[in-house]
Amino acid sequence: MELRHLRYFVAVAEERHFGRAAERLHMAQPPLSQQIRQLEAELGLTLLTRTTRRVDLTPAGAAYLERAREILGAVDAAAHEAASIASGRRGRLLIGCVGSATYSLLPALARTLRAELPEVEFGFRGEMLSPDQAAALTDGTLDLGLLRPLPTGNSGSLSITHLRQENLLVAMPKDHRFAGRRRVRIADLDGEGLVIHAGGGRSAMNAMIQELFDSAGIRSHITHEVAETSTLVTFVAAGLGVAIVPEPTAALAVPGVVYVPLTGTPGVELVAATRAGDESPLITRALDILAGLSTD
């Protein structure tokens, strides 16, 4: 038995006429009648009763019609699902995001993905440090990461796509002596109490900020290390120090905090990371959407 036999039978059963069913199937009537007789012979059942004017279903034929429709529906659904996955319109995608992008890029990304890919199941993890995202991508916990570039040699298993370059700001309490300035230099922060993301290789921002201080020949005075950007800005509001943050962090409008541009630095890069060699259509679609959002 082949699927075509089921399709032929359903057409005849629904039309109750071999001639109309043959027209519907774009075939001649004699071969259609022969195929139905072959199906009945294989099953050892009479599915249809035939008269010169019409065709009726036997009780066995009525039951068989119900199951045949289910089978053909499942086959068609499987084909649709496979085509959707192959074109990147269906599947599951888990996305991680560093703190500053959690409050700026991630909301727009989530809205756009759900609008353009409604059949895809998305999961989002915000406030993830870059090394944590790299590890999660490697072990399959994440499919796509929005992170800061890792030190050379730490991202060999990842494929990196540049998204944008972001300026740096100094987040400070509103009563800080620099709060009224139009800009701040890194040298101005010599000896300032600094709230920073966790060190020990856990944060790409930590490593970059330490390098800024070292290059300027000044010392950093770290008062607190935190894992989440929201906590970092909250500590600044509490007067526990200042913080160097990417510009999108200003979307966290925490009362008592002002943001002043940090000049003389190249800023910090935001990239998209996937597992090296992962060329799934869904990943490609997501990266295209990200590229469009990053240039808006």
Hydrogens and angles aside, do H197 and E225 bring a side-chain donor and acceptor to less than 3.5 Å of each other?
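Side-chain D/A pair, H197 to E225: absent.
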Check the side chains of T46 and T58 for a donor-acceptor pair under 3.5 angstrom, ignoring hydrogens and angles.
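The answer is no; no qualifying pair exists.
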Heavy-atom neighbours of E211 CD exceed 12 at 6.0 Å
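Count not over threshold, so no.
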Return yes when atom CZ of R125 has more than 12 non-hydrogen atoms of other residues, nucleotides or ligands closer than 6.0 Å, and no otherwise.
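Counting other residues, nucleotides and ligands, CZ of R125 stays at 12 neighbours or fewer.
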Could you measure the distance from the [atom1] atom of [X] to the [atom2] atom of [Y]? Nearest 0.5 Å is fine.
X    : Y    : atom1 : atom2 : value
R219 : L189 : CZ    : CG    : 12.0 Å
E192 : I186 : CD    : CD1   : 10.5 Å
L48  : L45  : CG    : CG    : 11.0 Å
L129 : L147 : CG    : CG    : 10.5 Å
R4   : L25  : CZ    : CG    : 12.0 Å

T223 (side chain) donor-acceptor with L194 (main chain) under 3.5 angstrom:
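Here the side-chain-to-backbone pair exists.
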S280 backbone acceptor or donor facing D278 side chain under 3.5 Å
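Answer holds: yes.
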For [X], all residues meeting salt bridge (Lys or Arg N to Asp or Glu O under 4.0 Å), sequence neighbours excluded:
X    : answer
R182 : none
E66  : none
R114 : none
D76  : R7

Please determine whether a side-chain nitrogen of the Lys or Arg among [X] and [Y] lies less than 4.0 Å from a carboxylate oxygen of the Asp or Glu.
X    : Y    : result
R285 : D288 : no
E70  : R67  : yes
E40  : R50  : yes
R92  : D143 : no

With sequence neighbours left out, what residues match E15 under side chain to side chain donor-acceptor pair (under 3.5 Å)?
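Only R24 meet the side chain to side chain donor-acceptor pair (under 3.5 Å) criterion with E15.
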Quick one: side chain to side chain donor-acceptor pair (under 3.5 Å) partners of E127, sequence neighbours excluded?
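Only Y103, S230 meet the side chain to side chain donor-acceptor pair (under 3.5 Å) criterion with E127.
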Would you mind listing every side chain to side chain donor-acceptor pair (under 3.5 Å) that reaches into residues 248-269, with sequence neighbours excluded?
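Pairs touching residues 248-269 that pass the test: H162-E269.
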Considering residues at least two apart in sequence or located in another chain, which fulfil the side chain to side chain contact (heavy atoms under 4.5 Å, CB included) criterion with [X]?
X    : value
Q34  : R37, Q38
D214 : none
E166 : S100, R148, R164, P246, P248, V268, L270
R54  : R16, T51, D56

ring-ring contact (aromatic ring centres under 6.0 Å, His included): which pairs involve residues 6-63, sequence neighbours left out?
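Counting only pairs at least two positions apart or across chains, the ring-ring contact (aromatic ring centres under 6.0 Å, His included) contacts touching residues 6-63 are F9-Y64.
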